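For the numbers below, each heavy atom of this structure counts, side chains included, while hydrogens, waters and symmetry mates do not. Just so it is clear: chains get the letters A, B, ... in the order the sequence lines come, proteins before strands, and each one is counted from 1. Since we're looking at a predicted model, the values are computed, not measured.
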Number of protein chains: 2
Amino acid sequence: MAKAARGPSIRDVARRAGVSPQTVSRVLNDFAGIRVATRERVLEAMAELNYRRNLTARTLVTGRSNTIGMIGPDIPAIGPLSSLHAVERAAREAGFHTLLTSTSPSPDDVAGALEFLLGRGIDALVLVAEHRSVQKAVDAAIGELPVVHLLTGGRPQRTSISIDQAGGVRAALEHLLALGHRCIQHISGPLDYSEAQLRRDAFRDMIFSAGLEEFPNIEGDWTTDSGYAAGQQLDPRATAVFSANDQMSFGLIHALADQGRSVPGDVSVVSFDDTPESRHSLPPLTTVHQDFEAVGKLAVKVLVARIAGEHAPPNDLIVPWLVERSSTAGPRASA
Amino acid sequence: MAKAARGPSIRDVARRAGVSPQTVSRVLNDFAGIRVATRERVLEAMAELNYRRNLTARTLVTGRSNTIGMIGPDIPAIGPLSSLHAVERAAREAGFHTLLTSTSPSPDDVAGALEFLLGRGIDALVLVAEHRSVQKAVDAAIGELPVVHLLTGGRPQRTSISIDQAGGVRAALEHLLALGHRCIQHISGPLDYSEAQLRRDAFRDMIFSAGLEEFPNIEGDWTTDSGYAAGQQLDPRATAVFSANDQMSFGLIHALADQGRSVPGDVSVVSFDDTPESRHSLPPLTTVHQDFEAVGKLAVKVLVARIAGEHAPPNDLIVPWLVERSSTAGPRASA
DNA sequence: CTCCTGAATGCTAACGTAAACATTCGTGCC
DNA sequence: GGCACGAATGTTTACGTTAGCATTCAGGAG
């Protein structure tokens with residue numbers, strides 16, 4: 001067994017400094033009304049003993065952990081990972097820390113992750129790119145805990161910080177329409193993810209209201225490989241593709257290149273995410289910018305307010321915008 | 001103030017089941033020697049009250065948290081993020097959970113992160129892609145805690161799971177040499193990261209022992225943008241580039257394309273990481289495969305063993321290999 | 001019937017901290 | 001000089017759990 005190796009406690013410090021444990025606690029928590037000499041004696045004792053405050057005990061007694069739990073998806077896609085990372089940074093700046101669990105969509109896994117976080121006394125919960133099974137489990141288990149759903153794009157019943165998925169899709173499609181495209185196919189993410197479904201639905205709405213022909217949806221799984229596969233089943237009449245994330249776009253463009261078709265010469269591609277890679281791919285992608293950083297910051301801001309007991313602000317919608325680069329152009333005359 | 005909203009405790013369950021708290025605890029921890037009827041009564045009571053075990057209290061009394069702390073870099077690069085993610089998954093499978101903190105290289109930040117993790121009673125620590133300032137802080141603060149340094153590629157003094165950076169570089173350069181390249185320039189990562197330095201050093205050794213001319217090192221910061229910038233300062237005589245990660249390679253290739261130079265026609269590019277994007281970029285990258293998943297798994301395995309008090313196995317070196325794709329070819333006759 | 005034994009369960013203390021209340025002490029005022 | 005008062009510090013208790021020891025109980029041996 002690993003030895004317990006407990007460090008010095010507040011009591012040891014108190015003894016060494018010749019004060020009561022409570023006084024040490026007060027110094028730790030920056031209470032007013034401690035004589036300067038006393039405080040210094042305590043600080044000195046802490047330094048000498050190499051004292052480290054025990055967050056576990058503190059959490060136990062206060063019921064507050066200053067920790068935000070995060071549940072993310074199991075997949076190593078840059079999008080969700082960026083969001084998680086952004087939350088982590090924003091939380092840190094706000095004086096909070098994060099407890100990260102990723103989980104496969106299996107209900108058992110989700111329940112386990114939730115169990116761990118809740119048992120750990122988190123003060124709030126952030127859900128990133130949730131699989132739908134996660135939503136259900138969370139709704140069942142959460143009591144008063146502040147929760148933010150990130151990026152889902154529209155869950156009116158609870159607080160959520162979302163990118164306005166429909167708005168982003170609209171910007172992307174308007175761009176393609178303005179270029180003159182009439183045959184546009186969609187490569188969606190896995191439809192059991194909220195984002196994927198929202199984007200697909202918004203796409204359909206746009207196609208419908210523009211009176212265009214609807215091509216069958218090709219469902220990918222967010223990965224570059226699935227984008228490549230999608231490129232192989234693309235309808236030959238399509239002059240433009242709206243792809244649900246950048247990674248799939250890369251795969252798609254690769255597949256087209258292998259078929260001897262160029263982007264945007266033969267096919268235009270509009271994408272979603274604006275990951276760092278999309279700025280420098282060949283061609284650089286025209287893509288909807290998702291400001292992960294802003295989302296993370298806003299999420300933490302909302303949560304901190306709710307933790308402090310302030311009334312939760314209404315759902316916040318971050319509006320993404322289209323970054324026009326070189327993967328789109330007008331359709332060929334021949335099309 | 002947020003209401004405490006404490007859930008039911010072991011005591012509430014005990015009262016309801018008509019047993020002592022200790023018996024409930026025994027049921028929770030799967031002790032032998034509980035009458036079946038009693039156990040069932042307890043389980044029933046837990047279900048009725050929707051009881052959730054408090055990990056905080058448990059940690060406080062046992063001194064073990066079943067949690068592995070992770071410190072990662074502040075940057076949202078896919079490489080380190082993948083590693084963190086892999087550790088998280090491996091830990092979960094081993095019954096552990098993870099506490100993630102990322103930190104800027106500033107000593108204060110690092111100290112704060114460490115403080116948080118240690119105060120939280122983590123059982124072990126994983127360092128991913130450490131900035132050198134992290135190493136120093138960790139060495140100072142860690143006592144008996146099992147630590148694994150991930151991906152640094154050679155820290156003999158402590159247990160570390162590393163990718164054999166030098167081996168990877170060797171594979172990459174041997175490939176270029178075999179193709180006939182003699183003018184090879186390096187784009188390194190920021191040299192205050194261990195990996196960046198190890199790769200740069202291995203590169204130099206290879207160049208030296210092959211008796212080739214040494215071009216000045218161009219130092220990037222792992223991002224695609226810095227790769228693009230590097231592409232603009234490339235020595236015109238270089239027929240091949242060894243770039244320290246995939247993201248910078250993408251930027252580099254973009255810059256070359258903007259100059260009207262093609263890859264691999266005019267310049268060959270060998271890279272490091274084998275991220276999912278590299279399979280489908282144009283051209284697909286020849287790159288050194290880093291098995292983040294394997295590294296994560298191995299790290300957790302080592303840590304679990306050390307937590308259990310077994311003697312730490314010696315440093316483990318994972319050997320990466322070169323994946324040959326289409327970004328390399330022989331030098332032009334004109335070169 | 002009593003005693004012993006082992007199985008099942010209960011009781012008490014402890015983990016390290018902070019909240020709430022209690023006490024001490026110095027100081028200024030009458 | 002005595003008193004009141006606020007500032008500084010101390011004492012007690014609780015948070016939810018588990019370790020360690022104590023107790024109860026049933027059943028078999030003598």
Side-chain angles (χ1 to χ4, degrees), chain A residues 1 3-43 45-46 49-67 115-116 118-123, chain B residues 1-42 45-46 49-66 115-116 118-121 123:
Chain A
M1 282 297 293
K3 50 199 52 149
R6 308 244 182 194
S9 82
I10 217 178
R11 227 181 304 260
D12 300 317
V13 174
R15 192 160 25 226
R16 178 150 198 141
V19 298
S20 77
Q22 184 57 25
T23 299
V24 177
S25 170
R26 283 193 263 256
V27 170
L28 274 175
N29 293 302
D30 266 335
F31 272 54
I34 302 269
R35 206 183 311 244
V36 177
T38 311
R39 147 172 284 120
E40 301 224 313
R41 214 146 23 99
V42 170
L43 291 176
M46 298 202 306
L49 293 174
N50 195 14
Y51 167 80
R52 188 154 15 235
R53 159 197 238 159
N54 183 320
L55 278 305
T56 302
R58 179 188 166 86
T59 296
L60 182 60
V61 62
T62 59
R64 293 251 336 245
S65 59
N66 258 256
T67 301
E115 199 67 14
F116 170 73
L118 295 175
R120 221 59 212 270
I122 54 171
D123 294 335
Chain B
M1 282 297 294
K3 50 197 53 145
R6 306 245 183 192
S9 81
I10 217 176
R11 227 181 303 260
D12 300 317
V13 174
R15 193 161 26 229
R16 177 151 199 142
V19 298
S20 76
Q22 183 55 29
T23 299
V24 177
S25 169
R26 283 193 262 256
V27 170
L28 274 174
N29 293 302
D30 267 337
F31 271 55
I34 303 268
R35 208 182 313 243
V36 178
T38 311
R39 144 171 286 120
E40 301 224 312
R41 213 145 26 96
V42 170
M46 298 201 308
L49 292 174
N50 196 15
Y51 167 79
R52 191 159 7 241
R53 162 197 238 159
N54 183 320
L55 278 308
T56 303
R58 179 188 165 82
T59 296
L60 182 59
V61 61
T62 61
R64 292 254 334 245
S65 60
N66 257 256
E115 200 67 14
F116 170 71
L118 295 176
R120 220 61 212 271
D123 295 334

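- When all heavy atoms are compared, the tightest approach of R58(A) to R53(A) is NH1-NH2, 2.7 Å.
- Across L49(B) and P8(B), no two heavy atoms sit closer than the pair O-CG, 3.4 Å.
- Note that CZ of R41(B) and CZ of R35(B) are 9.0 Å apart. Values are rounded to the nearest 0.5 Å.
- Of the possible polar contacts, one joining the D123(B) side chain to the S65(B) backbone as a donor-acceptor pair under 3.5 Å is found.
- Across all strands, T38(B) comes closer than 4.0 Å only to sugar-phosphate atoms, never to a base (heavy-atom distances).
- In this structure, the separation between CG on N54(B) and CG on L118(A) is 11.0 Å, given to the nearest 0.5 Å.
- One finds the CD1 atom of I34(A) at 6.0 Å from the CZ atom of R26(A) (value rounded to the nearest 0.5 Å).
- Inspection of the T56(B) and T59(B) side chains reveals no N or O donor paired with an N or O acceptor under 3.5 Å.
- You can see that DNA chain C meets the heavy atoms of chain B within a 4.0 Å-exclusive cut from dA8(C) to dG16(C), reading 5' to 3'.
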Counting primed atoms plus P, OP1 and OP2 as sugar-phosphate and everything else as base, spell out the protein contacts along nucleotides 14-20 of chain D at 4.0 Å heavy-atom distance: B, S or - for each nucleotide, 5' to 3'. BBBBBBB

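- Rounded to the nearest 0.5 Å, atoms CG (L28(A)) and OG1 (T23(A)) are 11.0 Å apart.
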